[in-house]
Novice: 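First, the structure itself, so that you have it in front of you.
All values below were derived from every heavy atom in this structure, side-chain atoms included, with hydrogens, water molecules and symmetry-related copies excluded. This is a predicted model, so every value here is computed, not measured.
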Amino acid sequence: VASSEFVQAAAAQAQSLGPDSSGGPFDITADELEVQNKACISVWRGKAEALQGQARLRADLLRAVMAVKPGAPSGGTGTGACGDLIRIEAEGSVFYVTGKDQRVRGDAGVYDAAAESVTLPGDVIAVQGQNVLRGSKMVFNTKTGEGRMMGAQSGRNSGARPRGVFYPSKKQADSAK
């Protein structure tokens, strides 16, 4: 059962999970919720999903980590001891989706509220329309919508470099004829 402390913490200043979601509330759901009041952590298990505007972060497990408010009783669990969201950690079958037809899948993920970024390591696949990127780590700026894909290795003959397949838009293809 969630305490009023967690509800207040979740309602604290909401950062931006996606380019078009700044300032909106977070909506987190899962099959099970565990609240660790002393640590200001909530663990959402089973088809967990965090939504804000058109952006969503889905995983088998989401761990929301909140700041402990200054002046809160040491190790206390009093109402209001937790502050703003610091990060959301995602584990297992991680998907990050924005409203701009952008989808990214990774082995794990971290939404960093202060940096306004989502980092997905592991076997990462990013899709926008028909275009596909693959790599071993992607960092996505949730405010600007810009991303960076990295590979596990470098060098011309390395198979672990970022790779992309891009299709021209129909308009571009028709004008090239």
Novice: Between SG of Cys82 and NZ of Lys38, what distance do you get to the nearest 0.5 Å?
Specialist: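 Answer rounded to 0.5 Å: 12.5 Å.
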Novice: Could you state the interatomic distance from OG1 (Thr98) to CG (Leu57), rounded to the nearest 0.5 Å?
Specialist: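 If I round to the nearest 0.5 Å, the distance is 12.5 Å.
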Novice: Any chain of hydrophobic side-chain contacts (each under 4.5 Å) joining Phe26 to Met66?
Specialist: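 They do share one cluster, since a chain of ILVMFWY contacts under 4.5 Å joins Phe26 to Met66.
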Novice: Could you tell me whether Glu89 and Arg87 have a side-chain N and a carboxylate O separated by less than 4.0 Å?
Specialist: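 Salt bridge: yes.
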Novice: Please report the C-alpha distance between Leu61 and Val43 in whole Å, then the side-chain angles of each, then the deciding distance to 0.1 Å, and finally whether the side chain to side chain contact (heavy atoms under 4.5 Å, CB included) criterion is met.
Specialist: CA-CA 7 Å; Leu61 180 141; Val43 181; 3.7 Å; yes
Novice: Please list all pairs meeting salt bridge (charged side-chain N to carboxylate O under 4.0 Å, His left out) that have one or both residues in residues 130-139, counting only residues at least two apart or in different chains.
Specialist: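 Only Asp123-Arg134 qualify under salt bridge (charged side-chain N to carboxylate O under 4.0 Å, His left out).
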Novice: Between Thr144 and Asn141, which heavy-atom pair has the shortest distance, and what is it?
Specialist: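 For Thr144 versus Asn141, the nearest heavy atoms are N-OD1, 2.8 Å.
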Novice: If I take atom CZ from residue Phe95 and atom CZ from residue Arg103, how far apart are they, to the nearest 0.5 angstrom?
Specialist: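 Going from the CZ atom of Phe95 to the CZ atom of Arg103 covers 10.0 Å.
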Novice: Could you give the distance from CG (Leu85) to OH (Tyr111), rounded to the nearest 0.5 Å?
Specialist: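 That separation rounds to 6.0 Å.
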Novice: I'd like to check Val124 versus Ser136 (side-chain heavy atoms, cut-off strictly below 4.5 Å). Are they in contact?
Specialist: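 Result no, sub-4.5 Å side-chain heavy-atom pair not found.
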Novice: Provide the closest heavy-atom pair for Val94 versus Ala59 in the form atom of the first, atom of the second, distance.
Specialist: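 So the two residues come closest at CG2-CB, 3.9 Å.
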Novice: If you compare all heavy atoms of Asn131 against all heavy atoms of Phe166, which two are closest, and at what distance to 0.1 Å?
Specialist: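 Here Asn131 and Phe166 meet closest at OD1-CA, 3.2 Å.
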Novice: Provide the closest heavy-atom pair for Ala30 versus Arg45 in the form atom of the first, atom of the second, distance.
Specialist: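 Looking at all heavy atoms of both residues, the shortest contact is CB-O, 3.5 Å.
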Novice: Kindly give the heavy-atom pair with the smallest separation between Cys40 and Val68, and that separation in Å.
Specialist: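 Looks like SG-CG2, 3.8 Å.
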Novice: Run the side chain to side chain contact (heavy atoms under 4.5 Å, CB included) test against Ala126 and tell me which residues pass, sequence neighbours left out.
Specialist: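 Side chain to side chain contact (heavy atoms under 4.5 Å, CB included) check on Ala126 returns Val104, Leu133, Met138, Met149.
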Novice: Give me the atom names and distance for the closest heavy-atom approach of Asp107 to Gly122.
Specialist: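 Closest heavy-atom pair between Asp107 and Gly122: OD2-CA, 3.1 Å.
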Novice: If hydrophobic clusters are built from ILVMFWY residues whose side chains come within less than 4.5 Å, do Leu120 and Met150 share one?
Specialist: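 Different hydrophobic clusters.
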Novice: Any side-chain heavy atom of Lys47 within less than 4.5 Å of one from Arg58?
Specialist: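 No; the side chains remain at least 4.5 Å from each other.
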Novice: Assigning hydrophobic clusters by single linkage (Ile, Leu, Val, Met, Phe, Trp, Tyr; side-chain heavy-atom cutoff under 4.5 Å), is Val65 placed with Val110?
Specialist: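 Val65 does not cluster with Val110.
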Novice: With no hydrogens and no angle check, is any side-chain donor or acceptor of Thr119 less than 3.5 Å from a backbone partner on Val139?
Specialist: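 No; zero donor-acceptor contacts below 3.5 Å.
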Novice: Applying side chain to side chain contact (heavy atoms under 4.5 Å, CB included), can you list everything that pairs with Ala108, at least two apart in sequence or on another chain?
Specialist: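 Ala108 satisfies side chain to side chain contact (heavy atoms under 4.5 Å, CB included) with Pro121 once adjacent residues are dropped.
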Novice: List for me each residue that meets side chain to side chain contact (heavy atoms under 4.5 Å, CB included) alongside Asp60, sequence neighbours excluded, and say none if there are none.
Specialist: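 Listed in chain order: Ser93.
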Novice: What's in the same ILVMFWY side-chain cluster as Val127, cut-off under 4.5 Å, chained through other members?
Specialist: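 Grouped by the 4.5 Å side-chain rule, Ile125, Val132 form the rest of the cluster around Val127.
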Novice: Between atom CZ of Phe140 and atom CD of Gln102, what is the distance when rounded to the nearest 0.5 Å?
Specialist: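 If I round to the nearest 0.5 Å, the distance is 4.5 Å.
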Novice: Hey, could you give me the OG1/CG distance between Thr29 and Leu62, rounded to the nearest 0.5 Å?
Specialist: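 Interatomic distance, Thr29 OG1 to Leu62 CG, rounded to 0.5 Å: 10.0 Å.
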Novice: Can you name the side chain to side chain contact (heavy atoms under 4.5 Å, CB included) partners of Asp27, sequence neighbours left out?
Specialist: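 Asp27: side chain to side chain contact (heavy atoms under 4.5 Å, CB included) contacts with Leu51.
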